[in-house]
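Notes for the one structure printed next.
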Amino acid sequence: MMQRLARSFFQREPVVLARALLGQQLVRILDDGTRLAGLIVETEAYLGVIDLAAHTAGGRRTLRNASMWLDGGHAYVYFTYGMHHCMNIVAQVQDEPTAVLIRALEPTEGLTQMKAHRGAPAKRDRDLCSGPAKVCQALAIDRQFDGVNICSSEKLFVEQVRRRSLPGEAIGVGPRIGVDYSGEWASKPLRFWIAGNEHVSK
DNA sequence: ATGACGATTTACT
DNA sequence: GTAAATCGTCATA
């Protein structure tokens with residue numbers, strides 16, 4: 001039986017957490033008991049009040065981003081572009097609003113159900129979870145999960161696949177996607193992926 | 001009360 | 001490569 005990651009795993013600096021999450025398994029249990037899971041293969045770190053690309057830039061604290069201010073190990077799920085959800089895992093501690101965006105998974109369990117959730121555009125397995133909104137659609141994650149404690153939730157959590165973070169040479173690093181509005185923060189190397197993995201977003 | 005804008009995806013030229 | 005889809009949220013007034 002695979003072990004769930006505990007609070008202390010998440011209470012680290014966002015860059016460290018973004019790297020440590022690579023290769024671990026995100027699990028979603030549907031109400032009918034169906035188990036959906038995938039290995040985390042791509043992440044982005046958001047550094048909090050100083051990070052102009054983060055929703056908490058400048059200390060912004062609103063109804064929408066409130067859960068980013070929770071303790072490490074909570075989910076921050078937001079709705080954007082009028083149609084998409086994206087999921088983050090909060091890092092560090094309460095009132096330190098940093099987080100890691102889950103950008104892509106390599107599906108491992110429940111692929112049939114994921115395909116049903118994703119619909120016609122998901123022609124191949126690599127179309128299922130190769131982008132932050134695709135992950136949420138495939139795993140049926142919406143604002144209902146915003147603020148959920150993933151250290152105790154029965155429906156959404158992370159399982160430990162490996163005890164140590166991947167070695168640096170196995171991790172690709174580059175600028176974050178879709179944050180061109182954030183000036184110099186747009187080019188900082190805060191996106192991480194498993195080098196060579198086919199399920200990373202394009 | 002109003003308007004501008006997305007931590008995206010998809011389809012189309 | 002470009003553009004449409006689509007609406008909750010927040011800043012401004």
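Chain identifiers are assigned alphabetically (A, B, ...) following the order of the sequence lines, protein sequences preceding nucleic acid strands; residue numbering begins at 1 within each chain.
One can place OH of A/Tyr46 at 13 Å from P of B/dG6, the figure rounded to the nearest angstrom. Summarising the geometry, the separation between CG on A/Asn88 and P on B/dG6 is reported as 17 Å, rounded to the nearest angstrom. Straight-line distance from the CD atom of A/Glu42 to the P atom of B/dA7: 16 Å, rounded to whole Å. The nearest whole Å value for the distance from the CE atom in A/Met68 to the P atom in C/dC10 is 14 Å. Between A/His85 atom NE2 and C/dG8 atom P the separation is 10 Å, expressed in whole Å. Rounded to whole Å, atom P of B/dG6 lies 13 Å from atom CG of A/Leu52. To the nearest angstrom, C1' of B/dT9 lies 13 Å from NZ of A/Lys123. In this structure, A/Tyr78 atom OH and C/dC10 atom P are separated by 14 Å, rounded to whole Å.
A salt bridge does not link A/Glu44 to A/Arg176: none of the charged nitrogens lies less than 4.0 Å from a carboxylate oxygen. A salt bridge between A/Asp51 and A/Lys188 is absent, with no side-chain N of the basic residue lying under 4.0 Å from a carboxylate O of the acidic one. Classification of A/Arg4 and A/Glu159 as a salt-bridged pair fails, no side-chain N sitting under 4.0 Å from a carboxylate O. Salt bridge status for A/Lys115 with A/Asp125: present, with a side-chain N to carboxylate O gap under 4.0 Å.
For the pair A/Arg103 and B/dT8, the criterion of a side-chain N or O lying under 4.0 Å from OP1 or OP2 is met.
A/Arg118 comes within contact range of the sugar-phosphate backbone alone, with a heavy-atom separation under 4.0 Å but no base atom that close. Using a 4.0 Å heavy-atom distance criterion, A/Met87 is classed as making no nucleic acid contact. Within the 4.0 angstrom heavy-atom criterion, only backbone atoms of the sugar-phosphate kind lie near A/Arg64; the bases stay farther away. At the heavy-atom level, A/Arg143 lies under 4.0 Å from the strands shown only through sugar-phosphate atoms. Within the 4.0 angstrom heavy-atom criterion, only backbone atoms of the sugar-phosphate kind lie near A/Ala133; the bases stay farther away.
Nearest nucleotide to the A/Thr62 side chain, out of B/dA7, B/dT10, C/dT9: C/dT9. Candidate nucleotides B/dA7, B/dT10, B/dT8 were compared by shortest atom distance to the side chain of A/Ile177, and B/dT8 ranks first.
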Return all side-chain donor-acceptor pairs below 3.5 angstrom for residues 93-102 of chain A, not counting sequence neighbours, or 'none' if the list is empty.
residue	atom	partner	partner atom	Å
A/Asp95	OD1	A/Arg61	NH1	3.4
A/Asp95	OD1	A/Arg61	NH2	3.2
A/Thr98	OG1	A/Gln92	OE1	2.9

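Along DNA chain B, the nucleotide nearest to A/Tyr181 and the one nearest to A/Lys134 differ in position, and the one closer to the 5' end is contacted by A/Tyr181.
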Considering only nitrogen or oxygen atoms on both sides, find all protein atoms under 3.5 Å from nucleotides 3-7 of chain C and state each distance.
residue	atom	partner	partner atom	Å
C/dT6	O2	A/Tyr81	O	2.5

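A side chain to side chain contact (heavy atoms under 4.5 Å, CB included) with A/Leu105 holds for exactly one of A/Leu36, A/Leu39, A/Leu139, A/Leu128; it is A/Leu139.
By the 30° and 60° cut-offs, the orientation of the rings of A/Tyr78 relative to A/Tyr76 is tilted.
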Show your working on side chain to side chain contact (heavy atoms under 4.5 Å, CB included) between A/Asp142 and A/Phe79 and close with a plain yes or no. CA-CA 8 Å; A/Asp142 58 21; A/Phe79 182 67; over 6 Å; no
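For B/dC12, the paired base is C/dG1 (Watson-Crick or G-U wobble, both distances below 3.5 Å). Under the Watson-Crick and G-U wobble criteria, each requiring two contacts below 3.5 Å, nucleotide B/dC5 is paired to C/dG8.
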